[in-house]
**Student:** 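My questions will all concern the structure given below.
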Amino acid sequence: MDDKGRVAIPAGLRATLEKNSGHPTDSKDARVAILSTHETDKCLVAYDEPFFDALMERLDARATEFAGDRGQADANIWRDGVGTSENIAFDPSGRFVLPGMLGHLAGIPKGSYAFFMGVGATIELWNPRTLLDHPTISEQIKAACRYCLDEKGVTL
């Protein structure tokens, strides 16, 4: 990430976001994603609008399942499920400005590094140090992060 907070979504992940958007891939509408805090980990998660719609349906079902004594939904299910979300627009090369609050919440400050990782239908953005120190991240994922850092000549 540069000093202005710009990062770039890797090409393969970007192409998937554009394809899944439901818009023509050469349109600006295809280059929009939702960026949110992760439900449990100190990272960010990005996804397309169709995934967001499906996520909201699942969160609605969970909120109903765990309703209170008088039937009120547990709003924390939505808060934790979509966290602090923002729509981001990225340019044809995948660059976007990481919103400052989201970068802060994930521990990815301006001028630092972000590790992008495709996870099913989502993309996770991690501070590499946070990922490498995480007790439950697999050694295979940690090795991939180390490889990317080595490729860039980065020592943490």
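All of these numbers come straight from a predicted model, not from anything done at the bench. The first residue in the sequence is number 1, and the count goes up from there.
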**Student:** Supply the atom-to-atom distance Asp133 CG to Lys142 NZ, rounded to the nearest 0.5 angstrom.
**Tutor:** 7.5 Å
**Student:** Just checking Asp3: does its CG atom have more than 12 heavy atoms from other residues, nucleotides or ligands closer to it than 6.0 angstrom?
**Tutor:** no
**Student:** Over all heavy atoms of both residues, which pair between Ser85 and Ser36 is shortest? Give the atoms and the distance, please.
**Tutor:** OG-OG, 3.2 Å
**Student:** If we only count heavy atoms from C-beta on, is the Val7 to Phe96 side-chain gap below 4.5 Å?
**Tutor:** yes
**Student:** Which heavy-atom pair separates Leu131 from Met117 by the least distance, and what is that distance?
**Tutor:** CD1-CE, 4.2 Å
**Student:** Does a side-chain heavy-atom distance below 4.5 Å link Thr16 with Ile123?
**Tutor:** no
**Student:** So, for His134 and Thr136, which heavy atoms are closest and what is the spacing to 0.1 Å?
**Tutor:** CE1-OG1, 2.8 Å
**Student:** Could you measure the distance from the CG atom of Leu44 to the NE2 atom of His38? Nearest 0.5 Å is fine.
**Tutor:** 10.0 Å
**Student:** Could you grab the distance from atom CD1 of Ile88 to atom CD1 of Ile34, nearest 0.5 Å is fine?
**Tutor:** 9.5 Å
**Student:** Answer whether the closest heavy-atom distance between the side chains of Asp41 and Trp126 falls below 4.5 Å.
**Tutor:** yes
**Student:** If you take all heavy atoms of Arg14 and Ser93, which pair is closest and at what distance?
**Tutor:** NH1-O, 2.9 Å
**Student:** Atom OG in Ser112, atom CG in Asn127: separation rounded to 0.5 Å?
**Tutor:** 6.0 Å
**Student:** Using the side chain to side chain contact (heavy atoms under 4.5 Å, CB included) criterion, which residues pair with Thr122? Sequence neighbours excluded.
**Tutor:** Val45, Tyr47, Phe51, Val119
**Student:** Does Arg62 come within less than 4.0 Å of Glu39, counting only side-chain N to carboxylate O?
**Tutor:** yes
**Student:** Does atom CZ of Arg58 have more than 12 heavy-atom neighbours, drawn from other residues, nucleotides or ligands, at distances under 6.0 Å?
**Tutor:** yes
**Student:** Between Ile108 and Thr130, is there a side-chain heavy-atom distance shorter than 4.5 Å?
**Tutor:** no
**Student:** Can you tell me how far OH of Tyr113 sits from CG of Leu156, rounded to the nearest 0.5 angstrom?
**Tutor:** 8.5 Å
**Student:** Which pair of heavy atoms, one from Ala46 and one from Leu125, lies closest together, and at what distance?
**Tutor:** CB-CD1, 4.4 Å
**Student:** Going by heavy atoms in the side chains, are Lys4 and Lys110 under 4.5 Å from each other?
**Tutor:** no
**Student:** List the atom of Leu102, the atom of Leu35, and the distance in Å for their closest heavy-atom pair.
**Tutor:** CD1-O, 3.7 Å
**Student:** Without swapping roles, check the side chain of Thr84 against the backbone of Thr37 for a donor-acceptor pair under 3.5 Å.
**Tutor:** no
**Student:** Determine, using the 4.5 Å side-chain heavy-atom cutoff (strictly less than), whether Val32 and Leu55 are members of one ILVMFWY cluster.
**Tutor:** no
**Student:** Taking the side chain as everything from C-beta on, heavy atoms only, tell me whether Cys145 gets closer than 4.5 Å to Leu132.
**Tutor:** yes
**Student:** Can you tell me how far the CG atom of Asp48 sits from the NZ atom of Lys19, to the nearest 0.5 Å?
**Tutor:** 10.0 Å
**Student:** In the single-linkage hydrophobic clustering (I, L, V, M, F, W, Y; side-chain heavy atoms under 4.5 Å), do Phe90 and Met1 co-cluster?
**Tutor:** yes
